[in-house]
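Input: a single structure, listed below in structure tokens.
The shown structure was predicted, so the numbers you read here are calculated from the model rather than taken from an experiment. Numbering of ligands and ligand atoms starts at 1, following listing order.
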Amino acid sequence: MSGNQTAGIPGAFELFRAAKVLTRAERAHLAGRLSSAPWARVVAALRIDGTSLLDVGCGPGLLAHLLDRSGYSGHYLGVDPDGRKVGRARAWLGETPRRAFRAVGVEEVEERGFDQVAIVDVLYLVPPSERAVLTGEMVSRLSPGGSLVALTSGGGPRWKRAVDRIQERLAVAVLGFTRGAVVAPCDGAEVAALFSRAGLLDVRVEDAGEGYLHGFELVSGRRAGPGGGF
Ligand SMILES: C[S@@+](CC[C@H](N)C(=O)[O-])C[C@H]1O[C@@H](n2cnc3c(N)ncnc32)[C@H](O)[C@@H]1O
């Protein structure tokens with residue numbers, strides 16, 4: 001049974017139909033991403049009530065779609081340096097006064113004060129030496145008390161690491177679905193250390209890979225400020 005079998009998360013076939021403006025290959029890629037990652041856990045880690053959210057490395061907009069289906073009522077900005085992915089997100093979901101996509105890196109986002117920043121399955125494409133800077137850029141876009149949530153590979157039995165590496169290399173080098181500077185695993189412990197060094201509080205790592213072929217960890221932290229910060 002998939003851990004995505006939760007209200008608000010569609011089945012892969014339903015998603016395939018919902019994205020009919022995209023090509024078959026693009027829809028198949030989306031459906032594959034949906035069924036291969038614990039999206040119900042990601043959506044459950046985010047607040048859906050009228051808050052603002054920055055989605056870093058938004059790809060073709062899957063998180064935006066799932067949030068929409070879950071009743072998300074805030075402002076959403078998805079950014080990704082890959083213009084092809086952003087073009088796909090715009091073609092599929094469109095933009096509204098509450099939802100926009102931009103083909104930029106997070107360092108080019110001028111807005112500050114997001115209640116939440118999410119980064120889903122992106123850090124393995126960022127060179128290890130650049131991850132602290134990227135984390136700092138994300139934290140600086142958060143409002144005081146705002147939260148940063150990352151889904152990353154890791155956790156579970158050791159054989160899952162090998163599966164992760166093969167699939168990640170395939171997506172980047174062979175299939176060309178994903179653009180990234182490197183393919184270098186980044187597990188929950190590394191992400192938690194990055195979050196703590198960037199000054200986030202209440203940093204937590206949760207195993208989110210049960211029931212999936214890949215190992216996943218969900219890492220969250222909160223910027224100091226209203227709600228209990230120092
Ligand atoms: C595996 S895809 C995940 C897309 C989306 N978050 C999802 O889960 O469906 C990785 C995404 O990270 C983007 N990416 C690569 N390097 C990045 C960086 N330095 N900053 C932000 N996004 C990046 C890629 O363009 C790609 O869209």
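With hydrophobic clusters built from ILVMFWY side chains whose heavy atoms lie under 4.5 angstrom apart, Leu62 shares a cluster with Leu22. Hydrophobic cluster membership is shared by Leu123 and Val104, with clusters built from Ile, Leu, Val, Met, Phe, Trp and Tyr side chains linked at under 4.5 angstrom.
Any N or O atom pair closer than 3.5 Å counts here, and Asp80 shares at least one such pair with ligand 1. Between Gly57 and ligand 1, an N or O atom pair is found at a separation short of 3.5 Å. Considering backbone and side-chain atoms alike, Trp39 places every N or O at 3.5 Å or more from each N or O of ligand 1. The N/O atoms of Leu62, backbone and side chain alike, include none that comes under 3.5 Å of an N/O atom in ligand 1.
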| task | Starting from the C-alpha separation in whole Å, work towards a yes-or-no answer on salt bridge (charged side-chain N to carboxylate O under 4.0 Å, His left out) for Glu210 and Arg41. | result | CA-CA 11 Å; Glu210 198 184 332; Arg41 295 287 298 275; over 6 Å; no
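Within ligand 1, the atoms closer than 4.0 Å to a non-hydrogen atom of Cys58 are 5 (C), numbered from 1 in the order shown. When each atom of ligand 1 is checked for a heavy atom of Asp121 under 4.0 Å away, the hits are 1 (C), 2 (S), 3 (C), 10 (C). Atom numbering of ligand 1 starts at 1 in the shown order; those under 4.0 Å from a heavy atom of Tyr124 are 1 (C). The contact set between ligand 1 and Asp82, taken as ligand atoms under 4.0 Å from a residue heavy atom, comprises 25 (O). Taking every heavy atom of Lys85 and a limit of under 4.0 angstrom, the matching atoms of ligand 1 come to 26 (C), 27 (O). For ligand 1 and Val120, the ligand atoms under 4.0 Å from any heavy atom of the residue are 3 (C), 5 (C), 6 (N), 8 (O). The contact set between ligand 1 and Pro81, taken as ligand atoms under 4.0 Å from a residue heavy atom, comprises 17 (C), 21 (C), 22 (N), 23 (C).
In this structure, Phe195 and Val219 have side chains that are in contact, with non-hydrogen atoms separated by less than 4.5 Å. Between Leu34 and Ile9, the closest side-chain pair of non-hydrogen atoms falls below 4.5 Å.
Heavy atoms of Val126 found under 4.0 angstrom from ligand 1 belong exclusively to the side chain.
Glu26 and Arg24 are not joined by a salt bridge, as no carboxylate oxygen comes within less than 4.0 angstrom of a charged side-chain nitrogen. Using a cutoff of 4.0 Å between basic side-chain nitrogens and carboxylate oxygens, Lys85 and Asp80 are not scored as salt-bridged. Ion pairing of Arg102 with Glu111 is present here, as a side-chain N (NZ or NE/NH1/NH2) and a carboxylate O approach within less than 4.0 Å.
None of Asp55, Asp68, Thr51 except one satisfies the side-chain hydrogen bond (donor to acceptor under 3.5 Å, both in side chains) rule with Tyr76; the exception is Asp55.
By heavy-atom distance, the residue among Val86, Leu66, Val122, Val133 lying nearest atom 14 (N) of ligand 1 is Val122.
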